[in-house]
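Inspection log for the structure reproduced underneath, given as C-alpha cells.
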Amino acid sequence: MALEAKLVSWDSGFHSLDQSVAERVGLMGRRAITALLLVPLLLGMTSCRPKPVVELPVEGNITDLAVDYIARLAKGDFSAASVLHDAGMRTALPGNKLAEVWQGIIAQFGSYQNQLGTEIGRIHEFDLIFVTVHFERAFVRFRVVFNSNKQVAGFFIDSVEDSLTHLYQAPSYALHDSYTESEVIIGSGQWALPATLTLPAAPSPHPAVILVHGSGPHDRNETIGPNQPFKDLAWGLASQGIAVLRYDKRTKVHGARMDVNSITVWEEVVEDAVEAVRFLQADPRIDSSGIFVLGHSLGATVAPRIAAATEGIAGLILLAGASRPLEDVILDQVTYLGSTGHLPEGEAAVAEVRAQVTRVKSPNLSVNTPREQLPLGIAAPYWLDLRDFSPVQAARDLGIPLLVLQGERDYQVTMADFALWQQALHAQPGVHFKSYPALNHLFIAGEGQITPQEYYRPGNVAREVIDDITRWLRERMAK
C-alpha cells in the first residue's frame with residue numbers, strides 16, 4: 001500500500017485522513033462517469049407523483065430529516081431509514097433493497113466518512129435537500145426529495161466529485177498584478193519535487209518564506225477540501241513584497257516508492273525543506289540574509305530541526321506547532337472527536353489509540369514493533385526518531401527570531417501547546433506570540449464548536465494573519 005494510505009495527517013485532524021484519500025484518487029474526475037452507473041438505478045427509486053394513500057406527515061425540519069436519513073443509511077439502519085419513506089418508496093425500496101443500494105454505493109465510492117453540508121431547493125410540489133457526503137474515494141452530492149408530508153419521495157445521486165478544489169476562491173488580499181509565479185523543481189534525483197515560486201513584481205532581491213506542510217501527503221497548497229491555505233499565504237505575502245516557495249510533499253509525489261517501515265520525520269519533512277532553503281539561497285532574486293521558514297502544524301513542530309540542519313535561516317514562523325509529544329496530541333484529538341460524536345466507534349476508538357500511545361511511550365518500543373499496533377499505523381522508526389525531540393528546547397537552542405501563531409478554535413493543536421511555547425520562550429529576545437480567538441487549525445475564521453466538517457466549508461487564511469506575518473518579517477529585515 002502506498003505510503004499516503006497510512007501516513008495520514010494527525011495535524012489536520014482525522015478530517016485530513018479524508019483529505020489525503022480524496023487527493024490520491026486518480027480514477028475519477030469531476031462528475032465522474034461512474035456516477036452514471038448508479039443514476040439509472042436511483043431514478044427508479046423516486047416516487048415523485050401523488051399517491052392515493054393518505055399518510056401521516058413526518059415531524060421535523062426537512063433539512064434535519066435529510067441529514068438523519070443519510071446518517072441512518074451510514075449506520076446500516078435501513079429499517080429506520082425506510083420509516084421516512086412514502087408509500088411509493090416503501091414499495092420500490094424496502095429495507096433489504098435499500099441495503100443493497102447503499103452497499104453498491106459503498107462498493108463504488110469507498111467507506112462512508114461524514115456529511116459536509118446541505119442545500120435546499122424545490123421543484124413543483126416537492127422540496128429537495130442536497131446532501132454532500134464524503135466517501136473514501138469521492139464526494140457525492142445526494143438529492144433527497146420530500147413530499148408535502150415531509151416523507152422521502154425520492155433519492156438520487158446528483159453529482160460526484162473527486163475533490164472540492166473547484167470551490168476555492170482567491171482571498172481579497174491577493175493582488176494578482178503585484179506578483180508572478182513560476183514552476184520550479186526542489187531537490188534532484190529520485191526525490192525531486194515540483195514547486196511554485198511566487199515573486200513580487202517589485203525589484204529584487206526579496207526576502208522569502210518557505211512553506212512547510214503538516215503531516216500527510218499534502219500538495220503545495222496544503223489543500224484540504226475547498227481550502228488552500230498555502231496558496232492564500234503565498235499570494236497574500238507576495239502581495240506585500242515577500243517571495244514565497246511552496247512545493248508538493250514527498251509523501252504525495254513519491255509516496256508509492258517510500259518504505260513505510262523505515263520512514264522518519266527526516267524523510268517526511270526535514271530533508272526536502274533543507275533542499276528548499278538551498279534552492280532559495282542560490283537564487284539571485286532572493287535576499288539570502290532574509291530567508292525564513294514558515295511551518296504549519298507538524299511543519300511548525302519540526303521547524304527548529306530544519307533550521308538546525310542548514311545554515312542561513314533568518315527566523316522561523318510557527319503556525320499551530322505542537323509543543324507536546326506527537327502521540328499525546330493524537331490522543332487528545334481522538335478524545336475530542338469522540339466527545340463530539342465524530343468517531344463511529346466511540347470510546348472503543350479512544351481506548352485503542354490510548355493503548356497505541358502507551359506502546360509508543362514504552363521503553364520496549366523497537367523497530368520490530370508492528371506498525372499496526374502504533375498510532376495511525378505509522379512504523380516504530382518514526383516514533384523512535386521523535387522520542388527525544390523537544391520542539392521548544394530545539395527552538396531555544398537556535399537563538400533565532402521566532403513568530404508563534406495559534407488559532408484558539410484549533411482542536412488539532414491546542415492552546416495548551418501555545419502555552420508551552422510561551423512558557424519556554426517568553427524571555428528569549430526576538431520571539432513573539434499571538435493567538436486568534438475565531439481561527440481554526442487552518443487559520444480560517446469560524447464560529448461555535450469546531451468539527452471536522454468545518455474544513456470542508458470554503459474560506460481563506462485570515463487577513464490579520466497575513467498582516468501580522470508581514471509586519472514581523474519587515475521588522476526582522478529592518479534590523
Side-chain angles (χ1 to χ4, degrees), residues 170-171 173-188 192-213 220-222 229-248 269-296 299-300 303-319 395 398-405 429-432 461 463 465-479:
Y173 50 73
L175 309 177
H176 297 300
D177 292 339
S178 65
Y179 57 82
T180 60
E181 291 195 307
S182 58
E183 297 298 297
V184 297
I185 299 294
I186 300 302
S188 60
L193 298 173
T196 299
L197 178 60
T198 310
L199 285 173
S204 59
H206 309 288
V209 169
I210 297 166
L211 305 184
V212 182
H213 333 65
R220 71 194 70 184
N221 297 321
E222 209 180 39
F230 274 14
K231 181 181 286 187
D232 293 344
L233 287 166
W235 289 356
L237 293 176
S239 296
Q240 300 296 325
I242 299 157
V244 180
L245 178 63
R246 64 194 196 272
Y247 52 92
D248 292 340
V269 181
V270 178
E271 185 175 18
D272 296 320
V274 170
E275 288 293 335
V277 173
R278 292 172 179 162
F279 176 88
L280 288 185
Q281 288 174 336
D283 192 324
R285 298 168 296 179
I286 301 300
D287 183 345
S288 61
S289 67
I291 297 174
F292 298 80
V293 169
L294 185 157
H296 176 230
R305 187 178 283 192
I306 296 167
T310 188
E311 296 182 358
I313 292 179
L316 300 177
I317 304 165
L318 311 182
L319 272 61
L398 288 171
I400 62 176
L402 301 173
L403 177 62
V404 183
L405 305 180
V431 180
H432 295 266
V461 172
R463 176 188 289 271
V465 174
I466 302 295
D467 292 342
D468 288 338
I469 294 172
T470 300
R471 187 179 305 110
W472 183 82
L473 288 169
R474 286 175 176 167
E475 291 172 355
R476 302 286 75 72
M477 294 303 296
K479 293 185 176 180

Inset, instruction - Taking all heavy atoms of Val244 and all of Leu233, pick out the closest pair and write down the distance. - result: CG2-O, 4.4 Å

Inset, instruction - Among Val461, Thr470, Asp467, find the one that has a side-chain contact (heavy atoms from CB on, under 4.5 Å) with Tyr173. - result: Val461

Inset, instruction - Flag the pair Lys231 and Glu181 as a salt bridge only when some basic side-chain nitrogen lies within less than 4.0 angstrom of an acidic carboxylate oxygen. - result: no

Legend entry - Check against side-chain contact (heavy atoms from CB on, under 4.5 Å), Leu473 and Gln240: CA-CA 11 Å; Leu473 288 169; Gln240 300 296 325; over 6 Å; no

Legend entry - Ala395 to Pro304 - nearest heavy-atom pair and separation: N-CB, 3.8 Å

Inset, instruction - Of all the heavy-atom pairs spanning Arg220 and Asp248, show the shortest one and how long it is. - result: N-OD1, 2.7 Å

Legend entry - Distance-only donor-acceptor check, side chains Ser288 and Gln281, under 3.5 Å: no

Inset, instruction - Please report the shortest heavy-atom distance between Phe230 and Val212, naming the atom on each side. - result: CZ-O, 3.5 Å

Inset, instruction - Measure the CD1-CG distance between Ile313 and Leu398 for me, rounded to the nearest 0.5 Å. - result: 8.5 Å

Legend entry - Interatomic spacing from CG in Leu197 to NE2 in His206 - rounded to 0.5 Å: 9.0 Å

Inset, instruction - Please check if the side chain of His213 supplies one atom and the backbone of Tyr247 the other of a donor-acceptor pair under 3.5 Å. - result: yes

Legend entry - Nearest heavy atoms of Trp235 and Ala170, plus distance in Å: CZ3-CB, 3.6 Å

Legend entry - Validation row: Leu294, Leu403 side chains within 4.5 angstrom (heavy atoms): no

Legend entry - Greater than 12 external heavy atoms within 6.0 Å of Glu183's CD: yes

Legend entry - CG-CG distance between Leu402 and Leu316, expressed to the nearest 0.5 angstrom: 5.5 Å

Inset, instruction - Output the distance between atom CZ (Arg463) and atom CG (Asp232), rounded to the nearest 0.5 Å. - result: 11.5 Å

Legend entry - For the student: nearest non-hydrogen atoms of Pro284 and Pro205, plus distance: O-CB, 4.0 Å

Inset, instruction - Measure the CZ-CD1 distance between Arg246 and Ile210 for me, rounded to the nearest 0.5 Å. - result: 13.5 Å

Inset, instruction - Measure the shortest side-chain to side-chain distance between Trp472 and Pro401 over non-hydrogen atoms and say whether it is less than 4.5 angstrom. - result: yes

Inset, instruction - Could you please spell out the steps behind the side-chain contact (heavy atoms from CB on, under 4.5 Å) verdict for Leu245 and Ile186? - result: CA-CA 10 Å; Leu245 178 63; Ile186 300 302; 3.6 Å; yes

Inset, instruction - Could you tell me the separation between the CG atom of Leu237 and the CD1 atom of Ile469, rounded to the nearest 0.5 Å? - result: 5.5 Å

